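See structure below.
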Amino acid sequence: MSTPEVSPAVNFIRHIIDQDLETAKYEGRVVTRFPPEPNGYLHIGHAKSICLNFGLAAAYGGACHLRFDDTNPIKEEDEYVEAIKADVRWLGFDWGANLFYASDYFEKLYQYAVALINKGKAYVCSLSAEEIREHRGTLTEPGKDSPYRNRSVEENLALFEKMRRGEFADGAHVLRAKIDMASPNLNLRDPVMYRILTAHHHRTGDKWCIYPMYDFAHGQSDSIERITHSICTLEFEDHRPLYDWFIRELGIYAPQQIEFARLNLTYTVMSKRKLLELVGEKHVSGWDDPRMPTLTGMRRRGYSPAAIRNFCERIGVGKSDSLIDMSVLEDCVREDLNEVAPRALAVLQPLKVVIENYPEGQVEYFEAANHPQKPEMGSRQVPFSREIYIERDDFMEDPPKKFFRLAPGREVRLRFAYFVRCDEVVKDANGEVVELRCSYDPETRGGSAPDGRKVKGTIHWVSAAHALPAEVRLYDRLFTVPNPGSKQSDYREQLNPESLVKLSGCRVEPGLAEAAVGEPRQFERLGYFCADRDSAPEALVFNRTVTLRDSWAKQEQG
Ligand code: ATP
Ligand code: MG
């Protein structure tokens with residue numbers, strides 16, 4: 001058995017697998033699966049499960065199946081199937097030939113159900129959903145047997161077949177496992193296995209009008225595919241006795257279900273119901289809105305697969321639920337982008353600067369390194385001329401002592417270029433600063449003065465005549481509170497009204513016209529950005545992926 005170090009982090013699941021390999025429980029095989037229901041897009045929580053399942057398969061030289069758990073036709077669509085495949089691939093994983101659909105097992109699952117009826121372990125129950133609920137009992141009280149519990153095998157077989165043939169209305173009957181209405185585990189109180197549902201299925205069309213419940217479909221699908229370790233989140237711990245019961249009663253191959261803690265992240269929501277609501281109620285522009293915790297949203301925002309995989313590795317796999325701080329994810333994104341993103345100059349809130357002693361009509365080109373620590377990333381030529389734009393924030397008319405940028409009479413360094421001094425401030429009729437008149441020192445070309453005088457600040461700029469206009473979309477956390485929707489609150493009332501700020505009239509260096517959609521750049525001093533899919537040559541649009549530093553840490557302390 002080979003164990004290449006694809007996923008070096010040791011976790012409790014690896015210990016279980018190591019033991020199973022030692023005892024040859026599964027003849028040395030390791031087969032996991034990632035089983036999404038195609039009823040929405042994948043989010044960062046799914047990424048944890050994908051990295052874990054595919055990572056284990058790779059680490060042990062085994063296989064990981066991609067299985068669509070498509071047993072609920074009402075909520076499922078092909079659009080989601082295709083999006084999920086694209087997202088898994090984007091994240092860097094390959095299921096090879098191991099693509100499966102639970103719906104491919106409908107006939108087999110039906111036969112399994114018949115086998116249980118024949119064994120006297122399943123019955124057709126004609127109580128309404130409401131009555132079934134009333135019969136179920138509570139955590140402290142046992143349930144009551146259904147009056148249909150002792151139907152004969154023959155009667156059950158006949159009714160179940162009629163259910164399949166479409167002879168009954170939705171809800172008229174269900175098929176239930178006959179286990180124990182007094183079990184302390186509510187999942188074992190004769191759970192429903194099949195329901196009648198006259199609905200079109202995205203793959204099987206109108207062939208079926210009865211559909212298996214999750215608990216009946218899932219374990220049997222694992223068994224059919226000869227999964228060794230069926231890894232799911234903690235809320236299924238209470239379902240494991242039922243998982244094992246079906247397999248045991250059917251006498252079929254038995255995978256091992258193992259539960260781990262799901263990923264919860266601050267300042268976002270991850271339940272599919274809520275994500276669907278955010279999209280449906282237009283709180284966001286769609287599943288790929290860059291503020292969404294979906295993989296497609298993160299991709300559009302500029303997060304790389306490597307950053308997300310690294311995050312999943314970093315948070316680890318444990319047994320107790322926890323809430324991970326969004327800043328952990330953002331730090332992974334920063335670390336990755338710091339390595340790979342070429343630098344560029346962009347001014348988000350432009351203030352015009354006229355360098356009055358610079359020759360009119362002259363243009364110089366400065367060589368600018370694409371990455372200060374990585375000469376192998378090359379350099380580019382940035383144009384400089386008499387009129388430039390600087391960031392409005394980099395000027396203060398009446399600055400405090402610690403302000404080292406531009407102010408009347410003060411000198412700063414222009415990145416890659418010269419020292420400039422502010423000589424005059426031009427205002428409009430409202431007293432608003434609209435332009436600065438400056439002078440430069442030709443002796444400081446390249447960034448230092450021969451006479452040894454120092455400046456404390458270096459600011460970025462773009463040449464007014466050469467820069468391209470752009471829209472820049474600043475994204476922030478989607479919610480204002482760490483745990484939206486907790487304590488009976490409505491998560492929708494905790495949306496961050498400033499989670500998207502669109503700045504128009506920004507100016508970017510001309511080379512950015514060539515940035516491909518999604519390709520990362522660091523706008524010096526501002527953060528990491530990438531061109532959005534809305535961007536066009538004549539109307540550039542950039543997304544801010546993440547700021548250079550965590551601006552929330554301070555606020556949370558204060
Ligand atoms: P819902 O929000 O409707 O419960 P889901 O997110 O559980 O849906 P599935 O399609 O059933 O969606 O999930 C597929 C797999 O991803 C499951 O094995 C599930 O355990 C795993 N998964 C889902 N959410 C998380 C999460 N937050 N952390 C870790 N794994 C997750
Ligand atoms: Mg689920």
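Nothing here was measured: the structure is a model prediction, and the numbers come from that model. Counting convention: from 1, in listed order, for ligands and their atoms alike.
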Give yes or no for whether the N/O distance cutoff of 3.5 Å, strictly under, is met between [X] and ligand 1.
X      : answer
Lys272 : yes
Arg273 : no
Arg262 : yes

Indicate yes or no: does Lys144 engage Glu131 in a salt bridge with an N to O separation below 4.0 Å.
->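 No, this pair does not count.
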
Within the 4.0 Å heavy-atom shell around [X], which atoms of ligand 1 are there?
X      : result
Thr233 : 20 (O), 29 (C), 30 (N), 31 (C)
Glu37  : 9 (P), 10 (O)
Leu263 : 26 (C), 27 (N), 28 (N), 29 (C)
Ser271 : 2 (O)

Salt bridge (charged side-chain N to carboxylate O under 4.0 Å, His left out) pairs, two or more places apart, involving residues 169-185 = none

Answer with side chain, backbone, both or neither: which part of His43 has a heavy atom less than 4.0 angstrom from an atom of ligand 1?
->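 The answer is the side chain of His43.
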
Is ligand 1 under 4.0 Å from a heavy atom in the side chain of Phe260, in the backbone, in both, or in neither?
-> side chain

Using only heavy-atom distances, determine whether the side chains of His229 and Asp20 contain a donor-acceptor pair under 3.5 Å.
->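 There is such a pair (donor and acceptor under 3.5 Å, judged by atom type) between the side chains of His229 and Asp20.
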
Would you tell me whether Thr233 and Glu235 have side-chain atoms, one donor and one acceptor, within less than 3.5 Å of each other?
-> yes

Parallel under 30°, tilted from 30 to 60°, perpendicular over 60°: which one fits the rings of His173 and Phe168?
->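 The arrangement is perpendicular - the two ring planes meet at more than 60°.
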
Close approach of Phe34 to ligand 1, heavy atoms, under 4.0 angstrom |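 Under 4.0 Å: yes for Phe34.
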
Without swapping roles, check the side chain of Arg544 against the backbone of Leu474 for a donor-acceptor pair under 3.5 Å.
->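 Not at all, since once roles are kept as given, no pair shorter than 3.5 Å links the two residues.
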
Can you list the residues that meet the side-chain contact (heavy atoms from CB on, under 4.5 Å) rule with Ala113, with sequence neighbours excluded?
-> Phe160, Leu175, Met193, Tyr194, Phe216

